[in-house]
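The basis for the numbers below is simple: all heavy atoms, side chains too, and nothing from hydrogens, waters or symmetry mates.
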Amino acid sequence: MATTDTPSHVSTLFSSLLEQSRKLRQETENDGLETVQLGLNELERRARDLKKKTKDGQQTDARAHYLLAAGGINTDEALRDLDSIDFHTAFEPSSVRVDTDIDTYLRNRKEQNVMSSIEDGMRRTSRDFDAFVAKNVTMEWEAQKQLIFEHFGLAPRSATPAIGTAQSDLGNSTFGGLSTFGVSSFGRSKLGTSFGPGKGSVWAKSTLGASVFGRPTATATAAGAATGKLFSDIDPTRQMELNRQVQLRQQQFALAVKRMNEVRLGAGTADGSVFPVMKVFGDITGASGNDMLTLQLQDSWKLLASITGESEVRDGNPFGGPRERQFTKDYILNKSSDSAEGAKVRKGVQKGARRFLEKQFLETVERTISDNPQIAKVGGIPSVFHKFRGYINVKLAVNKDVPEWSIKNFDFVSDVPCWALIFYLLRAGFLDEADDFVRQNQQSFQKLDRSFPTYLHAYCSAGDERRLPRNLLDRIQGEYNNRVKHAEDTKDIFKPAVYKIIGRCDLSKRSVPNVMPTAEDWMWLQLVLAREIDRATEPAHEVFTMQDLQKGVIQFGAKHFSAKGSNVGLYFQMLMMSGLFEDAVHYLYSFQSVDGVHFAIALTYYGFLRPTDIPLMKPDSDLLTLGAKGEKQINFPYLIASYTHDFRTPNAEEAVDYLALICLNGDIPSPSGPAHLSICHETLRDLVLETREFTKLLGDVRSDGTREKGAIEKRMKLIKIADQREYLRTITEQAAIQADDDGRSTDAVLLYHLAEEYDIVVEIINKNLSDSIASEETQTVYHDSTAGVDLGSMSLTSVDDPVRLANNMLQMYSAHASMFSVINVRNREASGVLLMIAEAKKMYQLGQWESCLQKIEQVDVIPLDPRVDVGSVRRRAQNFGALHETVARNVGILLKMVVECCHRLGAELRDSMFADASRNQKLQELKARTKCAMIYAGMIQYKLPAHVYEFINSRDVTEGF
């Protein structure tokens, strides 16, 4: 075996190997290849691979050891030599490093490029965002500042100029131009060629609801209601403005509802039964903005006023309008659509809606004339005839390039297109004026159509029914089908329209789009053609009722109006014109909840909204429900409760005004009426518990015993509660229990007092006093904060000090025998004892040791007489269990105060400069008092906390005597 090498030889060998490795590295350098730089990730991966290979090779370590040992190599010494070599310089990179692993290089470059692209994109997005924010903040700052000033009333808002000039073209333009304040929304929607089910219907391709400007308005685009998109496509400034309008309406509506309840209570009028809700709510809506939707909602209030008859009220007759719940019997209580009451209601809706559309059209005619005086040429104060002649002049001028409006196609009488004049007079509701015009020119009409004057006179003389006798009806329909319909006698486009209106001709096609292009025109025509007739006796081709119109409007649906920013408010109007009030409220609430709620309130006020029979108040309750006979109903309590949820806490009294409206439906027979009353009372009770505004909602009590009514009690008549004492007891007891559980003693005292539970009030006072006395925390000295204050005008529960609260309540009860007599004697006595203990503790905190001892002796719970014997002390200790629990828990405090007072007084006497017989006698008395207290404490040892005995032992004054 070869001899082992010396350590120096091994070291020289390793040094030689190191030098050879350096030369080997230099010889492998190749200037022809580019350097491949490895990233950190790649280096980490290669290190893991090397580590893995190293672990795999560890299985041969034992054999290698034996092999080297057999060759004469000492491995331990070799390892020590390797550790002693400095390899730091050996692994320093040379000036040029060559790595020919191309795949790894390409993979690394790809990863680097991806990361670089992501970082560049993030930097570019951040830069663009910063630029956008800076640009918009700069551009919109003035507008935002103006809105902020207006919100806080710091500066008046500049007047908004009118946007455009009103036009007057029915077929090609609009009535009234762009939306301006105070201008009706009439004419904002064009009409297709036909409506309604049946052959030739173009419901799917009609332009009903599309803006007549040819583009959607801002608010129309914003109010994508039925699809759930609310103001999603509006710029932030415009959206803020619309939100401000809604908030303004919400605030004003709250004041109006409060005023309405005051009137209903009799505070505003002689009989307290009339409140022009449609007019008041409509004025609030109109004053809040001038966008399309606001104008349509304002018109909707006018429409309801016309339907209910509220618009007929004159200033000289303030009580001539409809009364509260006037239509309940005919509408809500009538479950059958075929009854006489149902037909009566539909006729009233039909008449009111038709009058509204006629008045709206007259306003449009007058506005068109005033905007085009040179073309109209009507003079100073025009008559009805001259107004409509001027309107026709404007129409002819605007439509001069339309073939149908060629002058040669019109029939003229007295230099006026007669059929156009008659049509527009009928459209505006001037039936008598149309009849007078025809009779004054009867000879001319004899040449045009011999029988027409007879038809028109009979039609105008029929009153609101507008029904021709059967013989004339058959004749006019025959003439229409044989001559007028096919334009054999004239090319005047207005003559077929006049015949269709008067004779209800060809009801399968109930539209004349060439002369009535707007949705309002189409709706007016439907209302004119609809008749409440007997389907069994009338010919089938003459049957078209308000029920058929309702089915047609529902079939048309809201999706047409909510698509592509159409006029969503128009469909709401059409639903109400058809008498579909429940559908209208449900539709409007889906995108304009504030207005939807107040339309529901107004309709319920007059009895024009069917409530759900047995409403559910669950979070997922449906707003629109179906009755037993399939009639639509609105969950009115759920609607009101949901609306008040957001402002209950800051405006609890406003919430009471709204929740009280649930009882409007309390006049409905059982089970629906009582269910609504019960829900109203329950929601009011929940409001009290949720907001904890007990004083504001339930009332307050003054120190002199006078009682102030709360918001709920003031509205007792509205919530239909006759026995207010029973109701207050029901609502306040639950609120008092909750307040007591929450530790709100002052509120609990007030609520139980309002519920006339005077004994419970004293129990709470005793508990509160006992807790205050038993508190070991250092308390501040009591101050009389009532000095100079009129206690009679002060709230009885406006103080948090339990002593003052107890004194206030007990003094009031003592002054009223009826209250004092219902309080348990034991509770009254405990109150007196606790007040004395509280006074003694006050003296103790002030350091008045002698006065404190005297007051504790007056309490007469602990025997402190120096001359008392042990038997007396034992008897007093045996009576410990008979003490009131609120007093018993404070006996330990009394013992500690007695011992401490005696200790302090004894120390003062011992430190005094004068020593006489009286001092010694006083020390003996203190010693005797302390001994009595200690004996008493020992006899009730297991009934007091341990810290009491520790304190007594630490203050053992007998040693100093």
Measure across [X] and [Y] and return the closest heavy-atom pair with its distance rounded to 0.1 Å.
{"X": "L303", "Y": "A353", "value": "CD1-CA, 3.7 Å"}
{"X": "S578", "Y": "V553", "value": "OG-CG2, 3.4 Å"}
{"X": "L472", "Y": "A458", "value": "CD1-CB, 3.7 Å"}

NZ/NE/NH1/NH2 to OD/OE distance under 4.0 Å, [X] and [Y]:
{"X": "D411", "Y": "K495", "result": "no"}
{"X": "E631", "Y": "R610", "result": "no"}
{"X": "R470", "Y": "E542", "result": "yes"}

Worksheet item: Can R504 be said to sit on top of F544's aromatic six-ring, NZ or CZ under 6.0 Å from centre and within 45° of the ring axis?
Response: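 No, R504 does not sit over the ring of F544.
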Whether [X] side chain and [Y] backbone form a donor-acceptor pair below 3.5 Å:
{"X": "E310", "Y": "V277", "value": "yes"}
{"X": "Q477", "Y": "C505", "value": "no"}
{"X": "Q526", "Y": "W522", "value": "yes"}

Practice prompt. Consider only side-chain N and O atoms of T368 and D371, and report whether a donor and an acceptor are under 3.5 Å apart.
Written response: no
Item to complete: Would you tell me whether S406 and N409 have side-chain atoms, one donor and one acceptor, within less than 3.5 Å of each other?
Response: no
Discussion item. I need the full list of salt bridge (charged side-chain N to carboxylate O under 4.0 Å, His left out) pairs touching residues 379-393, with sequence neighbours left out, sorted by first then second residue.
Written reply: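 Those involving residues 379-393 are E366-K387.
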Item to complete: Name all residues meeting the salt bridge (charged side-chain N to carboxylate O under 4.0 Å, His left out) criterion together with K344; count only those two or more places apart in sequence or in a different chain, and write none if there are none.
Response: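 K344 satisfies salt bridge (charged side-chain N to carboxylate O under 4.0 Å, His left out) with D330 once adjacent residues are dropped.
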Worksheet item: Mind checking whether F445 and F437 have parallel, tilted or perpendicular rings, split at 30° and 60°?
Response: perpendicular
Worksheet entry | Parallel, tilted or perpendicular: ring planes of Y480 versus Y499, cut at 30 and 60 degrees | parallel
Worksheet entry | E582 CD to L603 CG distance, which is reported to the nearest 0.5 Å | 8.5 Å
Worksheet item: Which value, rounded to the nearest 0.5 Å, describes the distance between L357 atom CG and D299 atom CG?
Response: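 These two atoms lie 9.5 Å from each other.
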Worksheet item: Between F581 and F608, is the ring centre distance below 6.0 Å?
Response: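 F581 vs F608: aromatic centres under 6.0 Å.
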